[in-house]
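So the structure is just underneath, and the comments pick up after that.
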Amino acid sequence: MSITGLTRLGSANAYDTVIGNLETRQSNLTKIQEQLSTGKKITTPGDDPTGAAQAERALNRLSRIATDQRALDAQKNAITTAESTLGDITDALQQVRDLVSSAGNASYSNAERKTVANQIAGLSQRILSLANTQDSNGQPLFAALGSALKPFAGPATSPDYSFNGLPGTNATGTYTIPASLDGESAFMLQPARDAVYNVQITNGGTAPNLVSSPVTMTNSSQVNGSSYSIQVTAFDPVAGTATYDLTETPTSGSPTTTSGITVPWTKASGFTVTGMQGLTMSVSGTPTVGDTLSVTPNSSVFSTVDKAANDIANATTSAAASQAVAQALHNIDISLGRISAVRGQAGDLLNRADIISSSNDKRNIEQESNRSAAEDADMVKTISQFQNQTTGYQAALQSYAQIQKLSLFNYIS
């Protein structure tokens with residue numbers, strides 16, 4: 001008997017294969033179900049190493065952006081507070097200006113002028129206190145590139161007000177702004193830049209009547225910060241001339257005197273002081289031999305206010321009061337200009353902070369998009385896959401149940 005064909009069916013092997021397929025389908029179904037529940041197509045790095053790395057890079061960048069934004073928020077808060085403080089200082093200086101103007105009232109007595117001077121002195125202390133304001137972290141708002149916790153020291157510890165720090169402002173970064181403003185630029189005055197000078201008149205005669213105009217700058221490159229003393233040595237009203245000696249005291253070195261400077265004088269306009277390096281001023285009134293005018297630079301906004309209070313308090317005549325008021329108003333206006341300029345810089349920094357915040361928002365959206373593309377599941381696609389896998393798994397279970405009944409032993413029985 002020959003056997004032309006033989007087919008052997010191994011029931012156990014067939015069942016094992018079917019069980020393996022069912023387990024694979026069940027594993028796939030579980031995986032898709034996990035994606036639906038988490039919303040992530042990558043639940044472990046092994047699911048997609050490349051996608052996991054891309055998602056991790058995006059998350060790191062999102063973390064850096066959040067750190068940059070937190071730092072920017074702190075810087076913006078400090079600059080906002082500094083700008084507001086400059087506004088308060090401006091208001092205080094405007095009050096000083098109003099008081100100075102009132103002191104020019106010809107009907108005021110010496111006592112009334114002293115009362116005004118005391119009010120100005122009180123405002124001077126407020127301005128100094130505001131200039132030393134600190135932010136919520138205890139750092140000075142006007143520290144420039146770095147300073148002591150109190151950047152501005154008063155005459156109690158030095159001959160005049162000083163800035164205890166390094167002038168300048170930190171550069172604005174791609175995602176940062178400075179956390180403080182340049183207090184030196186706002187409150188300290190420079191002769192060649194601001195030309196804020198105080199003029200004291202000592203009369204040689206018994207009837208003081210000289211009044212000087214505010215010192216004005218004619219050539220900033222020549223201004224060297226020197227102090228000057230102008231002493232009248234001769235006066236000829238018939239010839240219409242006034243003669244004086246000019247003594248220059250530089251910031252370092254010995255004083256030098258130029259004698260016998262003769263200039264034109266008229267009763268209507270007085271005479272003009274020449275010989276000061278890059279500076280000039282006019283003097284009205286009738287000079288007397290021995291009259292002396294002392295011209296000294298003001299070092300700061302604070303000293304400008306202090307000298308205004310002092311000059312008004314010590315003005316015993318209407319001429320002296322007029323001198324003190326005109327000079328103080330001129331110098332206060334220059335001081336207000338310095339503060340206004342730095343306040344404008346604060347506004348620019350706040351605008352820059354808003355631009356950076358907008359840029360950070362765009363960076364966040366971009367990186368979140370990258371992370372989502374690498375990590376998040378496409379829910380429509382995943383639901384479709386889940387339905388397909390569920391249908392396939394149910395069909396496999398049903399077919400397995402049917403095949404399991406097709407046994408030789410079941411057939412014999």
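If you're wondering where the values come from, they're calculated on a predicted model, not measured in any experiment.
A donor atom on one side chain and an acceptor atom on the other are not found under 3.5 Å apart for Arg57 and Asn60. For the residue pair Asn360 / Gln69, a side-chain donor-acceptor distance below 3.5 Å is found, with atom types taken as modelled. Inspection of the Gln327 and Asn198 side chains reveals an N or O donor paired with an N or O acceptor under 3.5 Å. Counted by atom type alone, Lys307 and Asn298 present one or more donor-acceptor pairs between their side chains at under 3.5 Å. The closest side-chain donor-acceptor pair between Thr241 and Thr262, if any, does not fall under 3.5 angstrom. At a cut-off of 3.5 Å, with distance as the only test, no side-chain donor of Ser227 or Thr249 sits close to an acceptor on the other residue. Side chains of Ser84 and Thr81: a donor-acceptor N/O pair is absent below 3.5 angstrom, by distance only. A side-chain donor-acceptor contact under 3.5 Å links Gln323 and Ser212.
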Side chain to side chain contact (heavy atoms under 4.5 Å, CB included) between Ser101 and Leu329, worked out:
CA-CA 8 Å; Ser101 295; Leu329 290 177; 3.6 Å; yes

Stepwise, does the side-chain hydrogen bond (donor to acceptor under 3.5 Å, both in side chains) test hold for Thr67 with Arg70?
CA-CA 5 Å; Thr67 300; Arg70 284 195 298 271; 3.2 Å; yes

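Judged as a ring pair (Phe, Tyr, Trp, His ring centres under 6.0 Å), and not counting sequence neighbours, Tyr175 has no contacts. Residues satisfying the side-chain contact (heavy atoms from CB on, under 4.5 Å) test with Asn118, not counting sequence neighbours, are none. Under the side chain to side chain donor-acceptor pair (under 3.5 Å) criterion, Asp88 pairs with no residue, sequence neighbours left out. Applying the ring pair (Phe, Tyr, Trp, His ring centres under 6.0 Å) rule to Phe302 yields the partners Phe152, Tyr161, Phe187; only residues at least two apart in sequence or on another chain are considered. Listed by chain and residue number, nothing satisfies the side-chain contact (heavy atoms from CB on, under 4.5 Å) test with Ser254 (two or more places apart in sequence, or in another chain). In this structure, the side-chain contact (heavy atoms from CB on, under 4.5 Å) partners of Thr256, at least two apart in sequence or on a different chain, are Glu248. With sequence neighbours excluded, the residues satisfying side-chain contact (heavy atoms from CB on, under 4.5 Å) with Thr257 are Asp245, Thr247, Ser259.
For the pair Trp265 (side chain) and Gly285 (backbone), a donor-acceptor distance under 3.5 Å is present. Between the side chain of Thr243 and the backbone N or O of Thr233, no donor-acceptor pair lies under 3.5 Å. Looking at Thr288, its side chain never comes within 3.5 Å of a backbone N or O of Asp291 through a donor-acceptor pair. Panel note: side chain Ser340, backbone Leu336; no donor-acceptor pair is recorded below 3.5 Å. The closest donor-acceptor contact from the side chain of Ser185 to the backbone of Asp182 lies at 3.5 Å or more, if one exists at all. Between the side chain of Asn77 and the backbone N or O of Asp73, at least one donor-acceptor pair lies under 3.5 Å.
Distance check, rounded to the nearest 0.5 Å: CD1 of Ile312 to CG of Asn110 gives 12.5 Å. A distance of 4.5 Å separates NZ in Lys362 from OG in Ser358, rounded to the nearest 0.5 Å. Annotation: the span from Ser221 atom OG to Gln277 atom CD amounts to 10.0 Å, rounded to 0.5 Å.
The salt bridge (charged side-chain N to carboxylate O under 4.0 Å, His left out) contacts involving residues 327-337 comprise Arg97-Asp333, where partners must be two or more places apart or lie in separate chains. The list of salt bridge (charged side-chain N to carboxylate O under 4.0 Å, His left out) pairs with a residue in residues 335-352, not counting sequence neighbours, reads Glu83-Arg343, Asp194-Arg338. Contacts classified as salt bridge (charged side-chain N to carboxylate O under 4.0 Å, His left out) and involving residues 171-181 (residues at least two apart or in different chains) are not found. Within the structure, salt bridge (charged side-chain N to carboxylate O under 4.0 Å, His left out) contacts touching residues 224-237 (residues at least two apart or in different chains) do not occur.
Counting heavy atoms from C-beta on, the side chains of Val263 and Thr272 never come closer than 4.5 Å. Counting heavy atoms from C-beta on, the side chains of Gln367 and Ile65 come closer than 4.5 Å. Between Asp68 and Thr176, the closest side-chain pair of non-hydrogen atoms is not below 4.5 Å. Considering only heavy atoms from C-beta on, Phe271 stays 4.5 Å or farther from Thr266 through its side chain. Leu99 is listed as a side-chain neighbour of Leu123, based on a closest heavy-atom distance under 4.5 Å. Annotation: side chain of Thr280 is not in contact with side chain of Val273 (no heavy-atom distance under 4.5 Å). By the 4.5 Å heavy-atom criterion applied to side chains, Pro151 and Asn132 are counted as neighbours. Side-chain contact between Thr286 and Phe235: present, with at least one pair of heavy atoms (C-beta onward) separated by less than 4.5 Å.
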Would you be so kind as to tabulate the donor-acceptor pairs closer than 3.5 Å made by side chains of residues 133-144, with sequence neighbours excluded?
residue: Thr133; atom: OG1; partner: Leu130; partner atom: O; Å: 2.6
residue: Gln134; atom: NE2; partner: Leu149; partner atom: O; Å: 3.3
residue: Asp135; atom: OD1; partner: Asn137; partner atom: N; Å: 2.8
residue: Asp135; atom: OD1; partner: Gly138; partner atom: N; Å: 3.0
residue: Asp135; atom: OD1; partner: Gln139; partner atom: N; Å: 2.9

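Contact record, Leu72 with Ser357: CD2-OG, 3.5 Å, taken as the closest heavy-atom pair. Minimum heavy-atom separation, Ala309 to Ala121: CB-N, 4.2 Å. Between Tyr108 and Ser102 the shortest heavy-atom distance is CE2-O, 3.3 Å.
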